[in-house]
Amino acid sequence: MNTQKSLLADRYTPLIRNCWYVLGFAAEADRQLRSRNIAGIAVVYFRRLDGSIAVLRDRCPHRSFPLSKGILDGDRLTCLYHGLTFDPDGLCVAKPTNPDNAAEIRAGSFPVVERQGVIWIWPGDPKLADEAEIPELPWLDQPGWDHVSGYLNFPSNYIALHENLMDLSHFAFLHAGNIGTPEYADAPFRVRVEDGRINLRRVLEDSPLPSLLSVPTDLGDKRVTRETDTWWMSPALNLTHSNVHDSTPDAGKPGLYSFKVIHFITPETQHTTHNFWAVARDFRLDDPAIPAHTHASFKVAFEEDREALDWIEQRQRREGLEFGEVHLSSDKGGILMRRRMKKLALAEAERPPSSS
Amino acid sequence: MNTQKSLLADRYTPLIRNCWYVLGFAAEADRQLRSRNIAGIAVVYFRRLDGSIAVLRDRCPHRSFPLSKGILDGDRLTCLYHGLTFDPDGLCVAKPTNPDNAAEIRAGSFPVVERQGVIWIWPGDPKLADEAEIPELPWLDQPGWDHVSGYLNFPSNYIALHENLMDLSHFAFLHAGNIGTPEYADAPFRVRVEDGRINLRRVLEDSPLPSLLSVPTDLGDKRVTRETDTWWMSPALNLTHSNVHDSTPDAGKPGLYSFKVIHFITPETQHTTHNFWAVARDFRLDDPAIPAHTHASFKVAFEEDREALDWIEQRQRREGLEFGEVHLSSDKGGILMRRRMKKLALAEAERPPSSS
Amino acid sequence: MNTQKSLLADRYTPLIRNCWYVLGFAAEADRQLRSRNIAGIAVVYFRRLDGSIAVLRDRCPHRSFPLSKGILDGDRLTCLYHGLTFDPDGLCVAKPTNPDNAAEIRAGSFPVVERQGVIWIWPGDPKLADEAEIPELPWLDQPGWDHVSGYLNFPSNYIALHENLMDLSHFAFLHAGNIGTPEYADAPFRVRVEDGRINLRRVLEDSPLPSLLSVPTDLGDKRVTRETDTWWMSPALNLTHSNVHDSTPDAGKPGLYSFKVIHFITPETQHTTHNFWAVARDFRLDDPAIPAHTHASFKVAFEEDREALDWIEQRQRREGLEFGEVHLSSDKGGILMRRRMKKLALAEAERPPSSS
């Protein structure tokens, strides 16, 4: 199967901005001015005195000085170059040397929502931002669940990371030492689209777990059923429901162990990507050893992904994309995702930005 | 006020070459072959046996080998690759292996003038070089004046440094710790053009001096009048006359203290700039502590400028210039300068180079 | 003499791929997967179980993962990303998760010949590869000869290295301390073309040898005749026959000493070059001190070339090529070479790749 390159998003496709992306974990935001690149735009963020988060463009509209190098006084941010002062909505409220200048000056500001320990921002056209589109992730803050989290910076375009997560047959090879087992590559899978989301489902029956799952569940080498449901939710999120079914549980042990593997994928620049991740579980919540084990073992697997995508990015950068990829049936989820991302990017490029 | 981008020079505007630029301080030039990039052209310079300075293109016209890696013998410079030898005017006077080759071969040479401790060169069309256009800077070598000097390399286009110097309202913010005082940003200013030069004048009355001026004048926190006259002289020079008037001087002390702040601005490449600077004064010439204090304190301020322009350059490089700058009335001097620089650059691009 | 730039190959001319290039010394190839860039293409190579060498494109045709990061099992190479397995001819023989996929998938493979201690590959259109075009270099493996060899990576385009070797008048300047003598630059030379190969011949009579030749021959400062025949053989090879004639040999000493200086020139990328080199001799074969002296002294000269070409490349990269080179009669060999290389590159660009 060869699909026309022009229908599929790749590393050169313009970054999608009309989307709720994770800016960072909420715990990071405080009264310090912090700067981060989101979809190619530098933003500065901080908490207002009332505790809510403000996000402005990190570039003074006057002479492009980074506002994150300025001074926060109360809720007002003063540019350190010529002293223009902005309120947390981006309106310029003081212009030294130019007190009579009546023109309204604005630093760009961004819709922002703090929810379940995560900060979401909308770097695109603010008129299109609808909070109802922010996905609910109850496993990050509801009773009955615990999670670990972390951050990796990928030296590659975000499409490559999405694609990596939409073909889990790579578990058996790239992650042979941790999340993969030989049987995993051959387990049957199914791909379907539901409400614009893309689902990849793989069920592996009667098989032992890899150490990354067998240790926290304490199932050892018992043969169980492993059900993996991966969802491409949006350009910003890949969510995997991983269920382990033990049909003959020992006394006092559950028959179902649930993991949620959450990848917040935020393009930083055209060729680098923020990956905020979390892994939640619903069992053995009071065992203090499990979070450290889960954090360490998933991190090893995610770093293997990062190294792999770095190598691929280097090949593509040096030799170009004319190479012509071969597609397999196991690429179906990734192909659907890349087609969808391409459509979104093209639609965004065609839409005139709403006047603000 | 929004001015059409196309009328204003920016970091992408071709470098102006038809101008006398400072190559370096005269003290640097000796019998060593030294190389420096001036407006995107590598030049090699050295002193002839008679003490005068020769400046050649640092690229052999044969196979582009840097002549600065060659050998100086008397006044002749031999390329280390194939042995072509040039006189200090750039004429090839020896061609090993090709003794019968009668063609005249020339390495480019540049008009050069040594004056007041500074080396000026004209990297553009030599036919247009007129020594009368080199500005006189008597404070650098006349009795009654003393000065300190230094060098900084800016990782930014030269327009940004010129613009920085044409809106001194930034003193109160970027240089709050040294040359700026809170009152400075609100002092009235006036911009005018005279003989193609652009003047920004700001007078601050009845105000204490910043430490950078109060220490050398020994005026402490006395309230005085501070008069700042900044001149954009050419793409190569910004000159500030800074006068401190004390209307009630103590016995034996002057009523006027004069500083001259001289910025030689020489584009190195499209995105880096040489900044040779000097600060002269006409008082307390025999106090040995003043030069060290003045050198150190001005250097701190200049390094703050360099860091600021580096940050701005990074923003502009990453995000482009489509951003759309907002202009204020305090930008008037900078806008006039950028309009002028744009015109000079365009005129130069249109003129056919004179045949040489 | 000014030759139209468009007729001469330069650093921007597309790399010639339809040519036998040296991939490396045969001693390097073993059961490890090794990666190298040849004419802009990353290749992976290893020895099959039968000892022969296989060369594949180092990029999985599926998702561009470098095959050199994979696993070699017997003669089969498995990609570490999704487990596609290739035989040493590049045919995909296993597709985990896609066992029913009948499509033929191929990783590119390259014609390869191991001969005289050297691995030759053809990175271009395999249909055009003819082993008969691989030059014979008997001095590398026949009795009566001994040689030393080495490798340098040049931070410059391969044209510059070919040109360096086609004008040996630079010996007297760039290599004044080792291979050059003052008389060398003025010795008469002759350039001719024979069977598409370009020959530069220079004979220096009645002159002492430089140390690089006088030490191994043990001729001291005796005046002898030195005959240098340099051949541009192909884009991949420069071969120099250097003969020293002693018309009055001491008892028991030869009248002729022969050196072969072999430069395998393999473009790595557009602006970097592999230089595998060898220096063979036909005398004093049992003196154990000579190889070390020859290796060390030639290496010094070759490193001088590398530094020179690095400087030139930097000038050209910064300032462009519009500079306009001056050509001398001593450039005749280089000019013929550059014209030839330009023609080969253009012909290759025009030819449609044969369907494979």
Side-chain angles (χ1 to χ4, degrees), chain A residues 14-15 17 33 35-44 56-71 73 76-86 90-92 94-108 123 267-272 353 355-356, chain B residues 1-2 8 10-11 156-157 159-160 163-164 166-177 180-191 200 202 204 304-305 307-335 338:
Chain A
L15 301 175
R17 289 184 173 169
L33 297 172
S35 184
R36 185 161 277 159
N37 250 53
I38 304 296
I41 302 167
V43 306
V44 53
L56 301 183
R57 185 148 183 179
D58 190 15
R59 182 172 176 174
C60 182
H62 175 228
R63 283 296 175 271
S64 294
F65 191 88
L67 294 177
S68 60
K69 303 292 186 181
I71 292 163
D73 181 11
R76 296 182 158 191
L77 180 46
T78 297
C79 178
L80 199 67
Y81 199 0
H82 299 95
L84 269 64
T85 297
F86 301 90
L91 181 68
C92 181
K95 313 176 184 76
T97 311
N98 298 270
D100 302 331
N101 188 313
E104 186 186 286
I105 298 175
R106 288 198 162 271
E268 181 184 37
T269 66
Q270 194 69 40
H271 300 304
T272 59
S355 55
S356 60
Chain B
M1 163 170 57
N2 253 291
L8 303 183
D10 62 31
R11 61 195 293 269
S156 52
N157 180 274
I159 300 289
E163 190 169 44
N164 168 283
M166 290 305 285
D167 178 7
L168 300 187
S169 70
H170 79 269
F171 277 17
F173 302 94
L174 190 59
H175 308 307
T181 55
E183 303 83 357
Y184 197 79
D186 296 322
F189 69 94
R190 194 195 63 199
V191 172
L200 167 70
R202 192 178 279 256
L204 178 59
E304 287 167 347
D305 287 323
E307 195 171 32
L309 299 192
D310 184 14
W311 290 332
I312 290 173
E313 184 89 10
Q314 288 180 37
R315 279 287 172 280
Q316 294 181 336
R317 185 161 42 217
R318 275 210 176 169
E319 301 183 1
L321 297 183
E322 308 71 39
F323 176 68
E325 295 170 308
V326 170
H327 300 307
L328 302 169
S329 47
S330 52
D331 293 314
K332 190 176 172 188
I335 295 290
R338 286 171 63 183

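It should be emphasised that the depicted structure is a prediction, and the values quoted were computed from it without experimental measurement. Reminder, nothing fancy here: chain letters follow the sequence lines and each chain counts from 1.
In this structure, the side chain of B/Asp310 does not engage the main chain of B/Ala308 through any donor-acceptor pair within 3.5 Å. Not a single donor-acceptor pair under 3.5 Å links the side chain of A/Ser35 to the backbone N or O of A/Leu33. Counting only distance, with no hydrogens or angles, the side chain of B/Arg338 and the backbone of B/Glu163 share no donor-acceptor pair below 3.5 Å. Remark: side-chain polar atoms of B/Glu313 are paired, donor with acceptor, to backbone N or O of B/Asn157 under 3.5 angstrom. In terms of modelled atom types and a separation under 3.5 Å, the side chain of A/His82 and the main chain of A/Cys79 share no donor-acceptor contact. The backbone N or O of A/Thr269 sits nowhere less than 3.5 Å from a side-chain atom of A/Asn37 that would complete a donor-acceptor pair.
In this structure, B/Met166 CE and B/Asp331 CG are separated by 11.0 Å, a value rounded to the nearest 0.5 Å.
For chain B, no part of A/Ile71 is nearby; none of its heavy atoms comes within less than 4.5 Å. Only the side chain of A/Ile105 comes within contact range of chain B, judged by heavy atoms closer than 4.5 Å. Contact of A/Cys92 with chain B is not made at all, since no heavy-atom distance falls under 4.5 Å. Using a 4.5 Å cut-off between heavy atoms, A/Asp58 contacts chain B through both its backbone and its side chain. Of the two parts of B/Leu309, only the side chain, counted from C-beta on, holds a non-hydrogen atom closer than 4.5 Å to a non-hydrogen atom of chain A. Neither the backbone nor the side chain of B/Asp305 comes within contact range of chain A; no heavy atom of the residue lies under 4.5 Å from a heavy atom of that chain.
Ranked by heavy-atom pairs under 4.5 Å with chain B, the first of A/Gly40, A/Gly108, A/Gly83, A/Cys60 is A/Gly83. In terms of heavy-atom pairs under 4.5 Å with chain A, the best-connected choice from B/Phe189, B/Trp311, B/Phe171 is B/Trp311.
Annotation for A/Gln270 and A/Leu15: closest pair OE1-CG, 3.6 Å, computed over non-hydrogen atoms. Heavy atoms only, all atoms of each residue included: A/Phe65 and B/Ile312 are closest at CA-CG1, 3.7 Å.
Among residues 180-187 of chain B, the residues having any heavy atom closer than 4.5 Å to a heavy atom of chain A are, in sequence order, B/Ala185, B/Asp186.
Dense packing is recorded around CZ of B/Arg317, with more than 12 heavy atoms of other residues, nucleotides or ligands lying under 6.0 Å away.
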